[in-house]
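To start, the structure under review is shown below, and the notes come after it.
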Amino acid sequence: MSVTDDITTPGNTIPGPATPYQGDIARYWDHEARPVNLRLGDVDGLYHHHYGIGEIDQAAIGDPADSEREKKVIAELHRLESAQADVLLDHLGDIRADHTLVDAGCGRGGSMVMAHQRFGCKVEGLTLSTQQADFGNKRAAELGIGGFVRSRVANMLNMPIETGSVAGSWNNESSMYVDLHDLFAEHSRVLSVGGRYVTITGCWNPRYGQPSKWVSQINAHFECNIHSRREYLRAMADNRLVPQAVIDLTPDTLPYWELRATTSLVTGIEEAFIESYKDGSFQYVLIAADRV
């Protein structure tokens, strides 16, 4: 049975929200329509649900008095978002066209499209949000890659995917919605031995002592539960995922937030990200781990 056959069987039940909290998360993302996500995606049709990394191209955004400044800044923020996805894909290792990848918490599917465009392989996306899955599938169809890129309403803690069938998987800013031991147990199950798991995530810094007031504000804003960096590494070790790279991206993401805070797309959470990154209580981290 292939990775796709398991959901096409008539009468098969797709795992969705299994708890009241997961139901709340599904409803949150079903109704989410922030301009910061949609207007950035409108730049080139890649709709992301994560943040950006890299230096600001000052020449690209032009003079503050430029009447086109806002449009140029939005394009630059989107470029940084896609640069972040490229860094995640860089760490998946040797992926071939006959492989299958899994995006757990896929949002509207921008990273999945980029993965297929780079590797030529199938990409399966999982989200609790029907709205997100429908959006991602419509976009894949518009691009003519619906046979390779698919979003499904499914629970990342109970993936409708065959054991050991996946060459690579990731969570891009989605792991703060679940228990890490349960999450990594499931990634370990679906990955083949030697397969690669990658996450980019915000996590609170154990050296700070406890989650700061800024981290608490971020949790409340997104209805999530941010974990510490230590928790990620411990849960991976318990589930046969051996880190090959741990990279602090905090300095790389700060320019994105400082630029975003100057636009009309602000959501009110920008200060919490900027201040927590600056005081060291919050970090933006990439972890790449192999299934052993």
Side-chain angles (χ1 to χ4, degrees), residues 15 17 21-22 25-26 28-29 48-53 81 84-93 95 100-115 123-129 132-133 136 149 151-161 166-191 195-204 218-219 222-247 249 253 282-291:
Y21 172 71
Q22 290 179 353
I25 297 308
Y28 177 93
W29 289 108
H48 297 302
H49 277 276
H50 58 255
Y51 308 127
I53 58 173
E81 284 186 316
Q84 188 261 32
D86 272 327
V87 168
L88 187 152
L89 298 178
D90 288 344
H91 286 83
L92 283 174
I95 302 299
T100 296
L101 302 175
V102 170
D103 182 350
C106 62
R108 290 184 171 94
S111 297
M112 298 166 62
V113 173
M114 291 177 65
V123 190
E124 300 283 343
L126 310 177
T127 174
L128 292 174
S129 168
Q132 287 185 340
V149 175
S151 301
R152 293 185 266 174
V153 180
N155 186 346
M156 71 173 77
L157 302 183
N158 186 15
M159 301 183 196
I161 293 173
V166 173
S169 63
W170 69 84
N171 286 95
N172 196 351
E173 297 182 17
S174 57
S175 55
M176 64 287 297
Y177 286 102
V178 293
D179 177 89
L180 292 181
H181 282 271
D182 293 343
L183 176 67
F184 294 151
E186 190 65 351
H187 278 286
S188 184
R189 181 186 70 79
V190 302
L191 282 166
R196 173 65 59 86
Y197 170 76
V198 181
T199 185
I200 296 182
T201 186
C203 55
W204 64 269
I218 295 168
N219 277 334
F222 292 105
E223 299 183 26
C224 64
N225 181 33
I226 293 166
H227 308 288
S228 72
R229 186 182 57 202
R230 182 181 298 146
E231 290 174 280
Y232 278 91
L233 298 175
R234 183 181 300 129
M236 286 182 180
D238 290 343
N239 288 286
R240 304 182 65 85
L241 294 171
V242 178
Q244 305 299 309
V246 181
I247 303 172
L249 297 173
T253 197
F282 193 45
Q283 295 178 303
Y284 198 53
V285 176
L286 179 148
I287 306 174
D290 286 346
R291 165 68 163 89

Among all residues two or more places apart in sequence or in another chain, which pass the side chain to side chain donor-acceptor pair (under 3.5 Å) test with [X]?
X: Tyr21; answer: none
X: Ser188; answer: Arg291
X: Gln84; answer: His50, Asn172, Tyr284
X: Thr127; answer: Gln132

Spacing of [X] atom [atom1] and [Y] atom [atom2] [to the nearest 0.5 Å]:
X: Ile95; Y: Thr100; atom1: CD1; atom2: OG1; answer: 10.0 Å
X: His181; Y: Met236; atom1: NE2; atom2: CE; answer: 11.5 Å
X: Met114; Y: His48; atom1: CE; atom2: NE2; answer: 5.5 Å
X: Glu231; Y: Trp204; atom1: CD; atom2: CH2; answer: 6.5 Å
X: Arg152; Y: Leu128; atom1: CZ; atom2: CG; answer: 13.5 Å
X: Cys203; Y: Ile226; atom1: SG; atom2: CD1; answer: 9.0 Å

Excluding sequence neighbours, so at least two apart, what forms salt bridge (Lys or Arg N to Asp or Glu O under 4.0 Å) with [X]?
X: Asp182; answer: none
X: Asp86; answer: Arg118
X: Arg189; answer: Glu186

Ser151 side chain to Gly125 backbone, donor-acceptor under 3.5 Å: no
Backbone N/O of Leu241 and side chain of Asn239: donor-acceptor pair under 3.5 Å: no
Check whether any side-chain heavy atom of [X] lies under 4.5 Å from a side-chain heavy atom of [Y], and answer yes or no.
X: Ile247; Y: Val285; value: no
X: Glu124; Y: Leu101; value: no
X: Met176; Y: Asn225; value: no
X: Leu191; Y: Ser169; value: yes
X: Arg240; Y: Asp290; value: no
X: Cys106; Y: Leu126; value: no
X: Ser175; Y: Leu183; value: yes
X: Trp170; Y: Leu92; value: yes

How close do [X] and [Y] get, heavy atom to heavy atom, and via which atoms?
X: Ala235; Y: Phe184; answer: CB-CD1, 3.5 Å
X: Ile200; Y: Leu88; answer: CD1-CB, 3.8 Å
X: Tyr177; Y: Cys224; answer: CE2-CB, 3.7 Å
X: Pro160; Y: Ala154; answer: CD-CB, 3.7 Å

Within residues 102-111 or reaching into it, pairs that qualify as salt bridge (charged side-chain N to carboxylate O under 4.0 Å, His left out) - sequence neighbours excluded: Glu32-Arg108
Derivation of the side-chain contact (heavy atoms from CB on, under 4.5 Å) call for Val102 and Val123: CA-CA 6 Å; Val102 170; Val123 190; over 6 Å; no
Mutual orientation of the aromatic rings belonging to His49 and Trp29 [parallel < 30°, tilted 30-60°, perpendicular > 60°]: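 Perpendicular, since the angle between the ring planes exceeds 60°.
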Considering residues at least two apart in sequence or located in another chain, which fulfil the side chain to side chain contact (heavy atoms under 4.5 Å, CB included) criterion with [X]?
X: Ala288; result: His91, Arg196, Val198, Ala245, Leu286
X: Val242; result: Gln244, Val292
X: Ser174; result: Met156, Asn171

Centroid-centroid under 6.0 Å between Tyr28 and Phe222 rings: no
Tyr232 vs Thr199, side-chain hydrogen bond (donor to acceptor under 3.5 Å, both in side chains): CA-CA, chis, key distance, verdict: CA-CA 10 Å; Tyr232 278 91; Thr199 185; 5.4 Å; no
